[in-house]
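Structure, as structure tokens:
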Amino acid sequence: MSSLAVPQAEPRAGSTPGTAQDRPPLRRRIALIPTVTLLLGALYCLLPVAWVVIAATKSGPELFSTFTFLPGTGFADNVRDLSAYRDGVYWKWMGNSALYAGVGALLSACVSAVSGYALATYRFRGRETLFNVLLAGVLMPPVILAVPQYLLLAKADLTDSYLSVLLPQILFPYGVYLARIYAAAAVPADVIEAGRMDGASEWRIFTRIALPMMIPGMVTVFLFQFVAIWNNFLLPYIMLSDDEKFPITLGLFTLLEQGANTPALYTLVITGAFLAVLPLVALFLVIQRFWSLDLLSGAVKS
């Protein structure tokens, strides 16, 4: 009785016989876990943004009657109604937020640059103690500081004013921490000593030599503080009573409260929230380009 011989495939060079060649290695499968986790996190963060963008295009009846992610036809009418609400108070709120965030972030970046440079460059008694106190300020929740800040500004008769929102935002402990770390890494001590030997004053050394090298780090501090002030709700809520001085966060909150009795205002709140995000997106895109250029050529330009 004869049997047919079945030809056996020759093993590949460098491979172990009996192993599955088409099966991906276990290490490759494990490497996919961080990617999948990041994709799920991105989906979790972007899904509410997508909802706001789509809901802003819907009219009042469409908002409660159509599929959630089906675009509507009322975006232009929503913007028109929002602009007409109380003679355009929404754009007043947007201007207030731009004032609070722009001026506050700029002053905060300047204070952080000076403080961080001083802590990184000069040696004086109590320097580490002062720095540790600043680090404790980073860990302090803002809600703990809001009431003492209100009482302090009330004693100075500054509540319900623009300064009551601006002044507490100028000192940014995390910005000082970043400025110190960045100044210690980006500003060589030899360059500072060379400036002193040339007879330059300490202020001139800081403004003409150290500050241009610190610009990329200060842009980061400005961006962080701008976003924090723009999204801040608690401090204006405690400090302000005149709605003409409200930022966009507090203004939309009051509009949402009125929407509990007037459902037609819900579309205005959603449209206002969508428009309030656009300045942050535009600022991030502009600063990211500027930031990248400075990271590549900051020290050369100085």
Side-chain angles (χ1 to χ4, degrees), residues 34-35 37-58 69 71-72 75-76 78-79 82-83 88 90-113 116 165-166 169-170 172 174-179 181-182 185-186 211-233 236 246-252 268-302:
T35 303
T37 304
L38 290 175
L39 290 176
L40 292 176
L43 182 64
Y44 175 79
C45 295
L46 294 177
L47 196 61
V49 177
W51 181 87
V52 170
V53 172
I54 296 174
T57 66
K58 298 183 178 183
F69 292 101
F75 179 72
N78 292 340
V79 174
L82 183 63
S83 300
Y90 174 81
W91 301 110
K92 179 70 173 177
W93 295 337
M94 287 280 280
N96 291 338
S97 289
L99 174 65
Y100 295 139
V103 176
L106 182 61
L107 293 177
S108 178
C110 293
V111 172
S112 298
V165 180
L166 277 174
Q169 308 283 356
I170 293 177
F172 183 31
Y174 186 62
V176 177
Y177 168 76
L178 288 179
I181 299 301
Y182 197 86
L211 188 58
M213 298 180 180
M214 295 172 60
I215 286 296
M218 294 307 98
V219 169
T220 304
V221 173
F222 176 86
L223 180 61
F224 283 173
Q225 187 68 337
F226 188 96
V227 174
I229 298 175
W230 185 275
N231 294 328
N232 193 5
F233 171 79
F246 283 0
I248 191 64
T249 51
L250 191 54
L252 288 177
L268 303 188
V269 175
I270 295 173
T271 306
F274 168 67
L275 296 177
V277 175
L278 297 182
L280 295 180
V281 175
L283 177 70
F284 181 80
L285 294 176
V286 172
I287 285 186
Q288 186 183 37
R289 179 185 177 187
F290 171 78
W291 187 18
S292 300
L293 290 175
D294 271 344
L295 284 176
L296 292 175
S297 57
V300 177
K301 292 194 296 183
S302 63

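Given the structure is predicted, the values throughout are model-derived calculations rather than measurements. Residue numbers count from 1 along this sequence.
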Of all heavy-atom pairs linking Phe172 and Ser112, the shortest is O-OG, 3.9 Å

Rounded to the nearest 0.5 Å, the OG1 atom of Thr249 sits from the CH2 atom of Trp230 at a distance of 9.5 Å

*Is there side-chain contact between Pro236 and Phe246, with at least one heavy-atom pair below 4.5 Å?*
no

- prompt: So do Ser108 and Val111 actually touch side chain to side chain, heavy atoms under 4.5 Å?
  reply: no

**Study point:** Under 3.5 Å donor-acceptor, Gln225 side chain and Gln169 backbone
**Key:** yes

Distance col, row Tyr90:OH vs Leu268:CG, nearest 0.5 angstrom, shows 10.5 Å

Closest non-hydrogen contact found for Gly104 with Leu166 is N-CD2, 3.7 Å

Closest heavy-atom pair, Ala113 versus Met218, reported as atoms and distance to 0.1 Å, is CB-SD, 3.4 Å

**Asked** How are the rings of Phe222 and Phe226 set to each other: parallel, tilted or perpendicular (split at 30° and 60°)?
**Response** tilted

Here the gap from Leu275 atom CG to Ile270 atom CD1, rounded to the nearest 0.5 Å, amounts to 12.0 Å

| query | Do the rings of Tyr174 and Phe224 sit parallel, tilted or perpendicular, given the 30° and 60° boundaries? | reply | parallel

Here the gap from Met94 atom CE to Leu252 atom CG, rounded to the nearest 0.5 Å, amounts to 9.0 Å

Closest heavy-atom pair, Ser97 versus Ile248, reported as atoms and distance to 0.1 Å, is OG-N, 2.6 Å

TODO: List the steps, then state whether side-chain contact (heavy atoms from CB on, under 4.5 Å) holds for Val165 with Asn232.
DONE: CA-CA 10 Å; Val165 180; Asn232 193 5; 5.8 Å; no

For Ala109 and Val221 the tightest heavy-atom approach is CA-CG1, 4.1 Å

Enumerate donor-acceptor pairs with a distance under 3.5 Å from any side-chain N or O in residues 37-54 to protein atoms, sequence neighbours excluded.
residue : atom : partner : partner atom : Å
Thr37   : OG1  : Ile33   : O            : 2.8

Donor-acceptor contact below 3.5 Å, side chain Asn96 vs main chain Lys92 | yes

*asked:* If you count every heavy atom of other residues, nucleotides or ligands that lies below 6.0 Å from Tyr177 atom OH, does the total exceed 12?
replied: no

